[in-house]
Amino acid sequence: MASFTLHGIAVSQGIAIGRAHLLTPAVMDVKHYLLAEDQVEAEVVRLIAAFDIVRRELKKIRAELPKDAPPEMAAFIDVHELILSDAMLLDDPVATIRRHNYNAEWALVKHIETLSAQFDEIEDLYLRERKADIEQVGERILKALTGSAMSLALTPEEEVAAGRLIVVAHDISPADMMQFRDDAFDGFVTDLGGQNSHTAIVARSMNIPAAIGMHNASRLIRQDDVLIIDSIAGVVIVNPTPLLLTQYRARRDQLLQRRQKLERLKSTPAITQDGVEISLLANIERPKDSLVALEAGADGVGLFRSEFLFLGREGGLEKLPGEDEQFEAYRQTVVAMRGRPVTIRTLDVGADKPLDSEHAVLNPALGLRAIRYCLGEPQLFLTQLRAILRASAYGPVKLLVPMMAHAFEIDQTLAMIEQAKEQLRVRGLAFDVRIPVGAMIEIPAAALALPMFIKRLDFLSIGTNDLIQYTLAIDRVDSQVAYLYDALHPAILYLLSSVIAQANGAGIPVSVCGEMAGDIKMTRLLLGMGLKEFSMHPAQLLLVKNEILQSSSKALVLKVKKILDATEPDKIAASMAAL
């Protein structure tokens with residue numbers, strides 16, 4: 001068997017070795033036939049029954065999620081349940097069956113194809129990628145109709161014969177991934193997917209070796225081919241030579257040993273070799289994520305993305321979470337963190353996170369998002385501010401505001417916080433009167449006009465994802481320009497070092513909460529710039545801590561200065577390698 005290599009998108013850290021198990025999608029390969037008149041209503045009943053089967057399947061999967069399942073999993077399954085409950089998904093195929101006498105599979109596929117085509121017309125990449133959710137739900141219904149299965153379904157004897165498995169598919173839904181988790185399943189390869197697809201998010205959260213966006217992998221790879229997934233490089237090697245196999249097995253064993261050693265660092269303080277204490281914080285999205293943060297040894301929550309309480313609630317502002325619902329979510333998080341600080345970011349919708357389909361706009365990255373949206377919806381903003389303030393009575397809370405660039409935005413926000421405080425005083429409710437208020441530095445204008453932020457606020461948090469996007473004028477979720485996304489561009493390095501230096505000089509706390517904070521290739525660079533607070537996904541925390549424990553901040557300062565003085569990519573890369 002010939003050996004060849006496929007290149008895709010690297011979304012997680014790890015190496016998997018096993019045999020290919022191909023999942024053949026059922027969606028487009030269905031029978032097409034016309035029904036006799038006396039068969040039509042029975043066919044409608046058969047379709048409704050398939051919907052009911054899938055509804056029960058999803059509820060069962062959600063109920064049986066293991067305690068260590070990544071928090072994103074429940075949210076993704078909720079999305080699929082929401083799609084399934086949309087009356088149009090059932091009503092249109094039923095109407096087609098009755099009008100044209102199509103069989104149920106044909107009617108359903110026709111409707112899914114129509115919906116998919118409509119999603120293809122959407123300009124926003126994040127929304128366009130949600131087409132996969134519609135197709136995954138449609139495939140589940142088809143499997144229920146045809147009685148086919150999309151699971152590994154191996155006997156113990158077959159598992160032994162086949163060895164560890166690597167799932168290869170056109171696409172994999174989050175619910176299916178959870179079903180595969182307890183089988184002989186070491187990694188997965190998909191044709192579809194991008195850095196921000198559900199598949200990528202789950203892969204990172206579960207620390208599963210994965211290679212996505214491989215285009216024709218499911219056609220080129222055959223059942224039982226031996227595969228190596230190098231998810232660090234985004235590479236899949238098909239039928240590797242014995243020498244390659246030996247080399248990758250050694251690398252995989254080294255990675256496993258390293259992870260086991262890292263577990264011993266959970267209770268070790270993050271202190272550099274020259275005695276500088278570093279705070280390692282967690283980025284979370286829901287109250288239950290705080291348990292994952294504690295388990296990883298986080299010093300607190302550096303970013304609670306509150307928008308995940310709001311997303312996916314169609315029906316306008318009246319359907320959004322009210323003050324009490326928000327307060328309870330924030331309170332649970334604060335209590336769970338046992339006295340460690342919790343930084344709650346106010347609503348950041350827009351860009352790749354539209355509040356609902358009605359709020360999707362043509363150019364969302366530069367449109368009405370984050371604080372711009374909140375200041376335009378003062379009652380919604382005041383409701384959230386009151387909820388956050390009430391939670392501050394239960395432990396240390398910091399209030400973080402995204403996407404500010406103008407002095408008037410800061411002043412209006414501070415005035416609204418004071419208004420929310422006064423409303424709580426009138427109601428006799430407790431809150432921290434001195435709650436720290438900070439800003440996300442993610443727009444170049446904010447980084448370049450930092451003194452007006454330092455003068456007015458208590459702390460800063462650098463959102464590197466958006467800062468890079470806006471500085472380099474690229475949409476970071478657009479695969480056509482993804483190659484231009486460069487954290488080591490001289491302009492980015494200048495802005496980062498300038499913000500950190502100015503904040504440190506003014507004695508105001510500053511953290512990095514973007515992807516750079518959890519990237520161990522950037523840890524020494526940020527330390528050399530003077531950063532003392534890192535906030536990241538809990539899964540990345542121990543890796544970063546290990547880098548910190550082996551570093552000397554003072555020794556890194558001169559090396560980082562050399563990087564900052566360089567302007568050519570090759571010189572920057574060489575200096576980075578010498579850190």
Side-chain angles (χ1 to χ4, degrees), residues 23-63 74-122 127-151 169-176 178-179 192 198 311-316 318-319 354 356-358 360:
L23 299 182
T24 305
V27 173
M28 299 307 162
D29 186 21
V30 298
K31 294 180 180 179
H32 296 63
Y33 56 88
L34 295 174
L35 305 165
E37 283 298 333
D38 60 355
Q39 297 175 319
V40 168
E41 288 310 311
E43 194 72 356
V44 169
V45 170
R46 190 166 75 90
L47 180 61
I48 293 171
F51 271 71
D52 289 339
I53 289 170
V54 173
R55 195 171 289 111
R56 290 195 297 271
E57 279 181 359
L58 291 175
K59 288 186 182 300
K60 184 174 185 291
I61 292 169
R62 200 186 194 292
F76 293 155
I77 293 169
D78 287 344
V79 169
H80 283 202
E81 287 184 323
L82 191 64
I83 292 169
L84 191 69
S85 65
D86 189 330
M88 285 186 62
L89 192 65
L90 177 61
D91 291 350
D92 281 30
V94 165
T96 300
I97 293 170
R98 287 173 172 158
R99 188 180 303 117
H100 300 293
N101 291 32
Y102 288 0
N103 63 300
E105 292 88 346
W106 187 3
L108 180 63
V109 166
K110 184 175 182 294
H111 184 49
I112 296 297
E113 286 176 338
T114 300
L115 290 174
S116 295
Q118 291 170 351
F119 269 82
D120 285 335
E121 296 299 316
I122 297 175
L127 285 176
R128 201 160 65 240
E129 284 188 350
R130 302 288 69 82
K131 177 181 79 169
D133 295 309
I134 301 287
E135 292 176 340
Q136 288 164 2
V137 171
E139 186 162 339
R140 276 194 171 274
I141 300 166
L142 284 171
K143 286 185 290 181
L145 280 168
T146 60
S148 61
M150 187 175 170
S151 64
H170 187 59
D171 195 16
I172 303 177
S173 75
D176 283 323
M178 287 309 298
Q179 286 186 307
L192 302 182
H198 287 172
L311 297 179
R313 299 195 182 207
E314 297 286 345
E318 66 275 6
K319 295 293 184 180
D356 56 34
S357 58
E358 294 180 6

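Values in this document were obtained by computation on a predicted structure and should not be read as measured data.
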**Student:** Determine, stepwise, if the pair K143 / V54 fulfils side-chain contact (heavy atoms from CB on, under 4.5 Å).
**Tutor:** CA-CA 9 Å; K143 286 185 290 181; V54 173; over 6 Å; no
**Student:** Taking side chain as C-beta onward, heavy atoms only, is H80 less than 4.5 Å from Q136?
**Tutor:** yes
**Student:** Where do L58 and V137 land on the side-chain contact (heavy atoms from CB on, under 4.5 Å) test, with the steps shown first?
**Tutor:** CA-CA 10 Å; L58 291 175; V137 171; 5.7 Å; no
**Student:** My understanding is that only residues two or more places apart in sequence, or in another chain, count here; which of them pass side chain to side chain donor-acceptor pair (under 3.5 Å) with D92?
**Tutor:** none
**Student:** Quick one: pull up CG in L115 and CE in M88 and give me the separation to the nearest 0.5 Å.
**Tutor:**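 CE of M88 is found 7.0 Å from CG of L115.
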**Student:** Do the non-hydrogen side-chain atoms of H111 and T96 ever get within less than 4.5 Å of each other?
**Tutor:** no
**Student:** Using atom types as modelled and distance alone, determine if a side-chain donor or acceptor of N101 lies under 3.5 Å from a backbone N or O of L34.
**Tutor:** no
**Student:** Decide yes or no on side-chain contact (heavy atoms from CB on, under 4.5 Å) for I112 and E135, but give the supporting numbers first.
**Tutor:** CA-CA 7 Å; I112 296 297; E135 292 176 340; 4.3 Å; yes
**Student:** Does the side-chain contact (heavy atoms from CB on, under 4.5 Å) test come out yes or no for L145 and L142, once each step is laid out?
**Tutor:** CA-CA 5 Å; L145 280 168; L142 284 171; 4.3 Å; yes
**Student:** If I compare all heavy atoms of I141 with all of L84, which pair ends up nearest, and what's the gap?
**Tutor:** CD1-CD1, 3.8 Å
**Student:** In Å, rounded to the nearest 0.5 Å, how long is the span from OH of Y102 to CG of L47?
**Tutor:** 15.5 Å
**Student:** So, N103 side chain and Y33 main chain: donor-acceptor pair closer than 3.5 Å or not?
**Tutor:** yes
**Student:** With sequence neighbours left out, what residues match D86 under salt bridge (Lys or Arg N to Asp or Glu O under 4.0 Å)?
**Tutor:**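 Counting only residues at least two positions away or on another chain, D86 forms no salt bridge (Lys or Arg N to Asp or Glu O under 4.0 Å).
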**Student:** Can you tell me how far NE2 of H100 sits from CG of L35, rounded to the nearest 0.5 angstrom?
**Tutor:** 12.5 Å
**Student:** For I97 versus A104, what's the shortest heavy-atom pair and its separation?
**Tutor:**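 Looking at all heavy atoms of both residues, the closest pair is CD1-CA, 3.9 Å.
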**Student:** For the NZ atom of K59 and the CD atom of E81, what is their distance to the nearest 0.5 Å?
**Tutor:**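 Reported value, rounded in 0.5 Å steps: 5.0 Å.
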**Student:** Under the rule for side chain to side chain donor-acceptor pair (under 3.5 Å), what residues qualify as partners of E43, not counting sequence neighbours?
**Tutor:**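 Partners of E43 by the side chain to side chain donor-acceptor pair (under 3.5 Å) criterion, ordered by chain and then number, come out as R46.
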**Student:** Do the side chains of E57 and R140 get close enough for a salt bridge, i.e. N-O under 4.0 angstrom?
**Tutor:**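 Between R140 and E57 there is a salt bridge, with a charged N closer than 4.0 Å to a carboxylate O.
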**Student:** Please name all residues satisfying salt bridge (Lys or Arg N to Asp or Glu O under 4.0 Å) with R98, sequence neighbours left out, ordered by chain then number.
**Tutor:** E41
**Student:** If the condition is ring pair (Phe, Tyr, Trp, His ring centres under 6.0 Å), which residues does F51 pass it with, not counting sequence neighbours?
**Tutor:** none
**Student:** State which residues pass side chain to side chain contact (heavy atoms under 4.5 Å, CB included) with A36; sequence neighbours excluded, sorted by chain then number.
**Tutor:** D38, Q39
